[in-house]
Asks: 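My questions all concern the structure below.
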Number of protein chains: 2
Amino acid sequence: MARPGGIPEPENPKRGTYHHGDLKRALTAAALQLVQEKGPKGFTLREVARRAGVSAAAPYRHFADKAQLLAAVATQGFVQLHETLAAAADTTMTDLSAQVLAMGRTYVRWAVSHPDYYQVMFGSEFDKTQSPEVVVAGERAFGDLLDTIVRCQRSGLLPAGDPREMAGPIWSLLHGVSMLTIGSDLVNVGIREDPEALIERSLRNLLL
Amino acid sequence: MARPGGIPEPENPKRGTYHHGDLKRALTAAALQLVQEKGPKGFTLREVARRAGVSAAAPYRHFADKAQLLAAVATQGFVQLHETLAAAADTTMTDLSAQVLAMGRTYVRWAVSHPDYYQVMFGSEFDKTQSPEVVVAGERAFGDLLDTIVRCQRSGLLPAGDPREMAGPIWSLLHGVSMLTIGSDLVNVGIREDPEALIERSLRNLLL
DNA sequence: ACCTGAACACCGTTCAAGT
DNA sequence: ACCTGAACACCGTTCAAGT
């Protein structure tokens with residue numbers, strides 16, 4: 001099947017291999033795999049290029065530098081977190097009072113089961129000022145929490161007002177438990193409680 | 001003044017310069033300065049050696065590798081945090097009910113005003129399993145929080161029981177607010193509340 | 001005992017040159 | 001338009017050799 005125009009179909013990879021195709025996607029895929037395999041520390045641009053089967057210089061046609069590739073990974077992480085949270089919000093429609101708790105448990109569960117992802121998303125190996133796409137993806141995930149809060153407010157289960165006022169403490173708690181769990185800091189200090197149980201208990205207290 | 005023995009006084013640097021003296025301390029000092037100057041990312045072992053006026057290989061007589069030097073920095077951070085928290089616990093002896101709040105505000109204030117320090121302490125650029133000294137220093141800082149909780153429990157201001165049960169949620173909250181503030185994540189999502197105010201508000205809710 | 005010099009393998013990044 | 005090869009400056013780490 002010959003194609004009419006001279007445009008090389010940037011969105012539609014016909015060939016199985018990507019050597020001529022979307023190397024960009026291949027690079028982010030390899031980057032993802034590498035992060036999950038070796039952690040954010042062992043992440044190297046040259047190794048990513050190697051896995052994609054291209055030269056060390058090739059990635060620079062698609063990403064300004066190493067930080068931008070890591071930012072792409074972080075963005076994917078936020079997208080995945082968002083999808084997970086959105087799915088959880090749908091599931092628990094029955095018992096509204098448990099929605100925030102379910103959201104919290106889901107958030108922490110995702111974080112602790114994707115520790116390298118999570119560390120890239122919130123680590124300091126790239127400058128968020130230089131990668132607004134990451135911030136946008138992050139806002140989308142945060143929006144799931146806001147939505148849940150608004151829904152509870154409308155049902156009178158939470159006091160009315162700017163949902164951000166509730167979201168600040170809640171997100172901080174979720175992030176703190178996630179990070180301290182991933183770093184084994186809670187265990188190191190003698191706290192062996194399961195993170196999901198800890199979150200549930202904490203949220204109950206926080207929400208009065 | 002001649003010294004009698006042949007032992008070169010490892011603890012007692014007589015000379016003003018440390019070129020023959022305790023290079024170890026000089027290295028951690030330079031490391032500290034470098035972290036505060038360039039952040040945890042720009043931290044390089046060779047640059048530390050340069051600032052200490054020694055060759056690139058010299059640090060290896062005192063630290064197994066780069067990670068161990070960063071661990072030393074983290075340890076110093078925990079010591080400083082501990083001192084700050086302990087001082088705060090002394091100051092606020094008058095109003096006992098405010099002690100946990102004061103502790104929380106002090107913790108967050110220290111964290112956000114020493115962001116690079118804090119990121120080294122909780123970042124993933126060294127393996128805590130390989131540096132038990134860091135864990136010990138961390139436990140000491142955590143102990144300040146435990147002490148405050150116990151004091152409040154003895155005054156009937158908090159329910160009795162294992163103080164760790166309270167400390168888990170509280171520490172998670174403090175850590176979450178600190179990290180999200182340092183990373184500008186709260187601001188990026190439209191939350192512009194001052195971190196100390198946010199902590200105070202959150203702790204009040206959490207403590208019933 | 002502690003430090004230097006030189007070396008090794010590796011990185012991020014750039015750039016002329018190929019197709 | 002996209003990729004390669006070779007190069008540059010820099011790293012972490014090792015090791016024989018100096019004092």
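Just so it is clear, the structure is predicted and the values come from calculations on it, not from any experiment. Just so you know, these numbers use all the heavy atoms, side chains as well, and skip hydrogens, waters and symmetry mates. In the text below, chain A, chain B and the rest are named by the order of the sequence lines, each starting its count at 1.
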Asks: Please confirm whether the backbone N or O of Phe78(A) pairs with a side-chain atom of His82(A), one donor and one acceptor, at under 3.5 Å?
Replies: no
Asks: Nearest heavy-atom pair of Pro169(B) and Arg201(A): which atoms, and what distance?
Replies: CD-NH2, 3.8 Å
Asks: Does Lys66(B) use its side chain to pair, donor to acceptor, with the backbone of Phe43(B) at less than 3.5 Å?
Replies: yes
Asks: Mark yes when over 12 heavy atoms from residues, nucleotides or ligands other than Lys128(B) sit less than 6.0 Å from its NZ; otherwise mark no.
Replies: yes
Asks: Before accepting this row, confirm whether a basic side-chain N of the pair Glu37(B)/Arg51(B) lies closer than 4.0 Å to the acidic partner's carboxylate O.
Replies: yes
Asks: Got a minute to check which stems DNA chain C is part of, using Watson-Crick or G-U wobble pairs under 3.5 Å, three or more consecutive?
Replies: C:4-8 with D:12-16, C:12-16 with D:4-8
Asks: Can you check the Arg50(A) CZ to dT4(D) P distance for me, whole Å?
Replies: 13 Å
Asks: Please report the shortest heavy-atom distance between Arg151(A) and Ala89(A), naming the atom on each side.
Replies: NH1-O, 3.8 Å
Asks: Does a sphere of radius 6.0 Å around CZ in Arg154(A) hold more than 12 heavy atoms from other residues, nucleotides or ligands, not counting ones at 6.0 Å or beyond?
Replies: no
Asks: Please confirm whether the backbone N or O of Val189(A) pairs with a side-chain atom of Arg164(B), one donor and one acceptor, at under 3.5 Å?
Replies: yes
Asks: I need the minimum non-hydrogen distance between Ala71(A) and Val134(A), along with the two atoms involved.
Replies: O-CG2, 3.4 Å
Asks: Within this structure, what is the CD-to-P distance between Glu47(A) and dA9(C), rounded to whole angstrom?
Replies: 17 Å
Asks: Let's see if you get this right: which residues in residues 28-44 of chain A place a heavy atom under 4.0 Å from DNA chain C?
Replies: Thr44(A)
Asks: For Leu70(A) and dG12(C), what is the distance between atoms CG and C1' respectively, to the nearest whole Å?
Replies: 13 Å
Asks: Please report, rounded to the nearest Å, how far the P atom of dC2(D) is from the CZ atom of Phe63(A).
Replies: 13 Å
Asks: Between protein and nucleotides 13-17 of chain C, what N or O pairs are separated by less than 3.5 Å?
Replies:
from: dT13(C); atom 1: OP2; to: Tyr60(A); atom 2: OH; distance (Å): 2.8
from: dT13(C); atom 1: OP2; to: Lys66(A); atom 2: N; distance (Å): 3.0
from: dT13(C); atom 1: O5'; to: Tyr60(A); atom 2: OH; distance (Å): 3.1
from: dT13(C); atom 1: O4; to: Arg46(A); atom 2: NH1; distance (Å): 3.3

Asks: Looking only at side chains, do Trp171(B) and Tyr107(B) share a donor and an acceptor under 3.5 Å apart?
Replies: yes
